[in-house]
Amino acid sequence: MNFYGIRAIYRFEMARTFRTLLESVAAPVLTTSLYFIVFGKAIGSRMGDIDSIGYGSFIIPGLVMLSLLNESISNASFGIYMPKWAGTIYELLSAPVSWIEVLLGYVGAAATKSVMLGLLILATARFFVPYQIAHPLWMMGFLLLTAVTFSLFGFIIGLWADSFQKLQVIPMLIVTPLTFLGGAFYSINMLPPVWQKISLFNPVVYLISAFRWSFYGVADVDVVMSIAMTFGFLIVCLTFVWWVFKSGYKIRR
């Protein structure tokens, strides 16, 4: 294992983040803060509690997860696509690093940036709505697991995309709608029975439910099932990446 290569890729990606703090950090935090102001304060103050939790506090896990999913995919997909677009991918291909080391470097950096952003959003939420974390270790575990899983998913998108437009297709048309329909702003138990069953086919429901449980001890679906679904998606992504490279795929411009 070439740890020097992994560290080089990781440090390069992290340095890129700190060079673009306005786009990488400030913009997502500001956007999420607007959600807290509009939904947490303006609308939340006029709504009743959900599962004995104030509405403003109830939506915090969903908003963090919304930002986490989008940023994990965006960071990883852009990280591997940018060298392809600029032509510097050949420097990476000529370096003594395997696809596993490339994967660890890019996905590790993307997951780190996403976790940092998630924690920053949680800190920002303190200024708008009160909340408590019943299971902080589980919260960090879910945060890290989700960041790694969707950073890996973003890496796959970056390999597949051959234009900047394709980088945005899946996050905009699939991931964001699934997050909004996955209980970010409501409990699926509030839905009619038929729609509750339909919602269980949405994988994001399990992510948000487990993350909310780590805060307040309440969940829409069983926590064990949520963990199993997340690990299942992680294994599927890993298997797909392994199959792609084992089948002879080469990273090209």
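- Taking the side chain as every heavy atom from C-beta outward, M116 and M14 approach each other to under 4.5 Å.
- Classified by interplanar angle (parallel below 30°, tilted 30° to 60°, perpendicular above 60°), the ring pair F215/Y131 is tilted.
- Residues Q196 and N189 come closest through the heavy atom pair NE2-O, 3.3 Å.
- Side-chain atoms of E13 and N75, non-hydrogen and from C-beta on, never get closer than 4.5 Å to each other.
- Here CG of L68 is found 12.5 Å from CG of L63. Values are rounded to the nearest 0.5 Å.
- Remark: side-chain polar atoms of D220 are not paired, donor with acceptor, to backbone N or O of S187 under 3.5 angstrom.
- With rounding to the nearest 0.5 angstrom, the CD1 atom of I6 is 4.5 Å from the CG atom of L104.
- Residues I208 and G182 approach most closely at CD1-O, 3.6 Å, considering heavy atoms.
- Under the side chain to side chain contact (heavy atoms under 4.5 Å, CB included) criterion, V218 pairs with D51, I53, Y216, sequence neighbours left out.
- Residues forming a ring-ring contact (aromatic ring centres under 6.0 Å, His included) with Y186 (at least two apart in sequence, or on another chain): none.
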For ring pair (Phe, Tyr, Trp, His ring centres under 6.0 Å), just list the numbers for F153 and F233, CA-CA rounded to whole Å, side-chain angles, deciding distance to a tenth of an Å, and then say yes or no. CA-CA 9 Å; F153 184 49; F233 187 63; 5.5 Å; yes

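- Side-chain atoms of L200 and Y206, non-hydrogen and from C-beta on, do get closer than 4.5 Å to each other.
- With ring centers used as reference points, Y10 lies 6.0 Å or more from Y106.
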